[in-house]
Asks: 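Let me give you the structure first, and then I'll get to my questions.
Counting begins at 1 with the first residue of the sequence. A quick note: this is a predicted structure, and the numbers were derived from the prediction, not measured.
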Amino acid sequence: MTNVSTDHGTVLPSGSSALVVSAEGELSFYLPDNPLDAPVPHLVQLLVAVLMRSEDEDWVEEMLGIFEDQSRN
């Protein structure tokens with residue numbers, strides 16, 4: 001995948017979606033400019049679910065614990 005950058009940051013490939021964490025720790029969600037009736041891909045739905053659950057501190061701590069456990073293996 002080619003990574004394009006500008007003075008504003010990285011440009012997403014056409015049709016891509018992204019969940020981005022800023023340097024300040026804030027989440028932003030980016031979607032392509034699709035028609036409103038376009039189906040939402042399964043993995044994009046997963047990003048939305050993660051964004052929604054990110055406000056649940058217990059869930060976040062549980063996910064970080066799983067990540068740490070996996071990192072040790």
Side-chain angles (χ1 to χ4, degrees):
M1 174 179 3
T2 303
N3 191 12
V4 179
S5 295
T6 70
D7 59 344
H8 300 287
T10 301
V11 178
L12 292 175
S14 177
S16 295
S17 299
L19 182 57
V20 177
V21 180
S22 72
E24 294 79 26
E26 294 185 13
L27 291 171
S28 297
F29 187 62
Y30 297 92
L31 287 169
D33 204 11
N34 291 335
L36 293 177
D37 61 347
V40 179
H42 192 67
L43 291 178
V44 173
Q45 292 177 39
L46 175 61
L47 290 179
V48 173
V50 169
L51 178 61
M52 292 169 63
R53 290 297 301 266
S54 70
E55 294 188 20
D56 179 341
E57 291 181 28
D58 292 334
W59 181 82
V60 170
E61 290 305 314
E62 179 183 350
M63 294 302 103
L64 291 174
I66 292 170
F67 174 75
E68 289 173 8
D69 291 345
Q70 293 295 315
S71 297
R72 291 184 203 135
N73 295 331

Asks: Answer yes if Val21 and Leu43 sit in the same cluster of Ile, Leu, Val, Met, Phe, Trp and Tyr residues linked by side chain heavy atoms under 4.5 Å apart, and no otherwise.
Replies: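 Yes; Leu43 is reachable from Val21 via cluster members.
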Asks: Under 3.5 Å, side-chain donor or acceptor atoms of residues 26-42 against the rest of the protein: list the pairs with distances, not counting sequence neighbours.
Replies:
none

Asks: For a quick test of your reading: what N or O donor-acceptor pairs under 3.5 Å do the side chains of residues 50-67 make, sequence neighbours left out?
Replies:
| residue | atom | partner | partner atom | Å |
| --- | --- | --- | --- | --- |
| Ser54 | OG | Leu51 | O | 2.6 |
| Asp56 | OD1 | Asp58 | N | 3.1 |
| Asp56 | OD1 | Trp59 | N | 3.2 |

